[in-house]
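The block underneath contains the structure these notes are about, expressed in structure tokens.
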Amino acid sequence: VTAKRSLVSVVDDDESVRESLPGLIVELGYAAHAFSSGQEFLASDLVSQTECLILDVMMPGMTGPELQRELKVRGHDIPIVFITANRDDSLRRRVLEQGAVECLHKPFSDTALFDALQSALRTN
Amino acid sequence: VDELDRHVADRADAATSSALNFFDSPELWHDREVLPSFSFLADNVPGFLCTMTAAGEVESLNRPVLEYFGKTRDELKNWPSGNEVHADDLRRVLLAWNRSVSTGELYEIEHRLRRFDGVYRWFQARGLAERRADGKIVRWYLMLTDIEDRKRLEETAWQSHLTIRSMLDNIPGFVHTTRGTGEVEFISSNTLEYFGKSNEELKNWSRLDIVHPDDLPRVIEAWRKSIETGQDYKLEQRNRRADGVFRWFQSRGHAVRNAAGEITAWYWLNIDIDDRKKAEEALRSSQRELSVIIETMPGLVWCASPDGELSYVNRRILDYLGVEKDSLLSGGWADFLHPDDVASVVASWSHSVASGEAFEVQARLRGADGVYRWFHSLSQLGCDTEGNPAQWYGVMIDVDDRKRAEEKVEQAYLRLAEAQQLSKTGSFITDLLVDDHNWSEEAFRIFEFDPATKVTVKLIRDMVHPEDLQSFDAVISRGMAGRDVDFVFRIVTPQGAVKHIRGVARVMERVAGRPLFIGALQDVTQSKIEEEQVRRSEAFLAEAQRLTRIGSFSWRVEGDEIRWSDQLYRIFEFEPGVPVTFDLIGSRVHPEDLPLMSDMIEKAQSAASRLAYEHRIVMPDHSIKYLNFTAHSRWDPEGRLEYIGAVQDVTERELAEAALAKARAELANAAKISSLGVLTASIAHEVSQPLSGIITNASTCLRMLESDSPNVDGVRETARRTLRDGKRASDVISRVRALFSKKEFVREPVDLNEASREVIALSLTDLQRNRVILRTEFADDLPLASGDRIQLQQVISNLLRNASEAMSEVDDRPRLLRIAIRPHPGDQVCLSVADAGVGLDSEGMDRLFQPFCTTKSNGMGIGLSVSRSIVESHQGRLWATPNEGPGATFSFSIPAIPKGVRE
């Protein structure tokens, strides 16, 4: 409890995800915070403390890849795990090329998430 | 005159008195002593004496007798047979002498005796018989006295007496004389004759009724006064003529005085002045009449002095003007003349006064009632017998009615001319045989002749269209034969225009045996053109009816008079011209639609303004035609109810509509299917979200439970979230099921906001993939729409997809998509989707809603047309408008449920 947990931030416009995912992440041993859009995340003071970002691909306004691009522009090299309801392999490939750690298709298992987080935090 | 008689008598007495004295003393004759001396005496008396026997024969004669005759005693004894006694007197003398001889009475006679020298002289013969004591006549003594001088004097006096009498009887007056004291002395015979009275009667004139009773008192008084004073008498009085008629006389009396100044007599003269009196009376009466005439004649009469000063006005003038004579005479006409007429009247009057020329003017005078009337005023300068100007005599005649009548006539003439011009009708009077034509202005205008043109048949003929010359000539020869004519021919004007002239001419009367025509001619060019147009439009109409399969009809309800156009016969497949009856129509009407026909007839009986039915007819080949029937009522000029209507054969449309409905259903389905792939992705996305949540939550729960000290609260919370997500997933599924269900059109209250949110939720993946920024502007208090929720959502989905795709190639600006929902005027709800895409050109707009037209590179392009069909089936409207900025806006509106009906 004394050891500081790594902060995993979740950005998704879907309420179900925002409600459920942080609970699981905490159970996996990390700290978690959910945001409903990219703009909300960028505007918060948690960007620099975030060690991993779980990011939805399709969002109104700023999409996941756009936020990825924006963070890169701003010099925040945060490992990103994309999550998407879209089973589009070309999309997965594209985000991984852009430097994403993983791209998970909804619904995904807790182990898949854990692996992805571990792998992301390792790269950190 | 009597005096004169007396005088004459006196003279005669004096001449014979001595001789008479002798004879009157017979005692002297018996004195014998005296006798010798008597013989001597007898011969020496200056008289003629003779004695005669009792038998009457001459006995003795004295010397003067013998000397007078120049004969002897013996010669004279046979005197009756001699020439001594004047032949004219002889008979009278013998009668008297024989009578005296036989009776013994005094012999006395005057007669002429012939002197020795042949001259006859008048003698008075007197003879006395000498009788014996027994009375027997012894002898006759005769004395002859020369009375020639007396006779002459008598004759002269008599003649002058006769002259005076004649004069008095013949002067144009009645004369009489009275004594100085007034007793009547002499009355002329014409006076006696006039009164029919005798001299004696007239002496008491004042007691007779010869003077008119009304005049008698003053006559007597004047007469008495004159007799008393000697003053001349002069009076006019009426005297009664013998026949009882009174006549007027002027009676004058003058006193005659002797040297001593005493009145010895009155001479009276009565002159008949009845005619003069009557003439005077007539004059007075005619003057009275004249004055009455002047005062009462229906003209205003006035006089003015030669220098123009008004001197007399008659009563009528004063009555008309309502002024007093004096004020008019001093003030003149000026106050009463119409202001517009003053100048001309003054100028004209001044000219007449200066020149003496007759004055004539028409002017308005204001009457007492304040109304101006027109008067014709005439005046002439009258001159006296010497030819000097005496007086202006003027008369003014009220010509107001005539003036107004003239104005009316003038107006009527103008109106007639105008009417002729408007109706393009000219009139004429023509004497063909002498080629004399009297044309109205409009007739000249029609022929474009100068009004001064001398019209001739040849002149007209020269204008006649060559093709109509034959008929024109026929008309002329018919007219020449004195028969009425109707004609139509064309003329060619100098400008080359063709005019159609129609006319008619009737024999009005015959002048000198020649027919005189009165007629009218009309420029009917316009109506000819119109006729042609009507013919053409009738042809057009027939053609249009044929093409559109619309037949027309009229139906006069009273008497069921039905008329059909040719096309209607074709639609019903009846022989053209067959009389149309309801029985005939009924034979074609579909048995199931027959009640409609009865209903229609019933409505028409109650004069319904509009009739509209869709019904079927069955053709002989058992094919069915769908007819659309409409009619409107009208009242014809006779006030009878009539329906005018149209019948359209809509069989093809009906069939086409059915086919269209089918195609639309198929298309809608195809559209659904085409969207399926997209929808599948959406569904997957939608379902995967809650599903993802469920799995995550389940994992969390498990992990929590696996811990040494399970966080029960956390587990409970996580499980609750899991249930929520499960519900979400279930909703998605049911929505999809609804979308794909084969439900028929259901009309229900729809909350467009909510329906749109669901569509947005389903479309979101798609939108996000296209990087579309979505803005929603949903009105809060939105009325519910009425319609099929699923179909409407399909439209919304389609619009969103189109908008998204329209922006797929836009990279230089945000791909902004705005959905707005708000109430729309007319109890409607409107939804609009605005994109920032490539936009629309106006050409594209029209094609946009056609099936298979698309601006997109992929897709079937069927969405918009189906969408429009859906909206229209909701009695709504779908349209597109270009944005002010980039892009376009697609909107639809559909009826809302009125607020009161919502619950």
Side-chain angles (χ1 to χ4, degrees), chain A residues 1 8 10-30 32 34 36-39 54-67 69 81-88 90-91 94 103-117, chain B residues 680-707 710-711 713-729 731-732 760-761 763-776 804 814-817:
Chain A
V1 183
V8 176
V10 177
V11 178
D12 198 319
D13 64 328
D14 190 274
E15 199 182 0
S16 296
V17 175
R18 287 201 305 278
E19 280 175 1
S20 60
L21 206 49
L24 183 58
I25 292 166
V26 169
E27 286 303 311
L28 291 172
Y30 308 97
S36 65
S37 70
Q39 287 90 334
I54 296 176
L55 185 56
D56 189 21
V57 177
M58 281 298 178
M59 283 187 294
M62 186 178 274
T63 63
E66 280 166 354
L67 180 57
R69 204 158 42 240
V81 174
F82 279 101
I83 53 173
T84 176
N86 204 323
R87 301 226 174 249
D88 189 343
S90 63
L91 176 73
R94 205 157 60 234
C103 181
L104 301 172
H105 290 291
K106 294 179 190 174
F108 44 82
S109 66
D110 53 350
T111 49
L113 179 65
F114 186 66
D115 291 348
L117 287 174
Chain B
T680 307
S682 301
I683 293 161
H685 183 263
E686 280 294 295
V687 174
S688 68
Q689 298 283 25
L691 211 49
S692 168
I694 289 165
I695 289 165
T696 307
N697 288 326
S699 304
T700 311
C701 275
L702 286 172
R703 281 180 181 276
M704 283 177 172
L705 291 168
E706 282 163 9
S707 127
N711 177 1
D713 286 344
V715 170
R716 194 178 290 122
E717 178 55 34
T718 308
R720 212 172 276 135
R721 286 208 295 271
T722 310
L723 282 174
R724 208 153 59 220
D725 288 342
K727 175 81 167 55
R728 280 177 187 147
D731 284 352
V732 171
I760 290 165
S763 308
L764 209 52
T765 318
D766 213 12
L767 296 174
Q768 281 169 346
R769 193 177 56 222
N770 282 338
R771 289 181 284 126
V772 170
I773 303 165
L774 188 67
R775 294 273 186 276
T776 56
S804 168
R815 294 177 180 181
L816 189 65
L817 193 156

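The structure displayed is predicted, hence computed values, not measured ones.
- One distance of note links OG1 of Thr700(B) with CD1 of Ile25(A); it measures 9.0 Å at 0.5 Å rounding.
- Only one option out of Ile694(B), Ile695(B), Asn697(B) pairs with Ser20(A) in a side chain to side chain contact (heavy atoms under 4.5 Å, CB included); it is Asn697(B).
- Atom-to-atom distance recorded for Glu27(A):CD and Asn711(B):CG is 7.0 Å, nearest 0.5 angstrom.
- For chain A, no part of Leu774(B) is nearby; none of its heavy atoms comes within less than 4.5 Å.
- Neither the backbone nor the side chain of Arg815(B) comes within contact range of chain A; no heavy atoms are under 4.5 Å apart.
- A distance of 4.5 Å separates CD of Glu15(A) from CZ of Arg728(B), quoted to the nearest 0.5 Å.
- Contact count against chain A (heavy-atom pairs under 4.5 Å) is highest for Leu691(B) among Leu691(B), Ile773(B), Leu767(B).
- Interatomic distance, Thr718(B) OG1 to Leu24(A) CG, rounded to the nearest 0.5 Å: 9.5 Å.
- Note: Ile83(A) CD1 to Ser692(B) OG = 6.0 Å, rounded to the nearest 0.5 Å.
- Note that CZ of Arg724(B) is 4.0 Å distant from CD of Glu19(A), once rounded to the nearest 0.5 Å.
- Within the 4.5 Å cutoff, no side-chain heavy atoms of Lys106(A) are placed close to those of Thr696(B).
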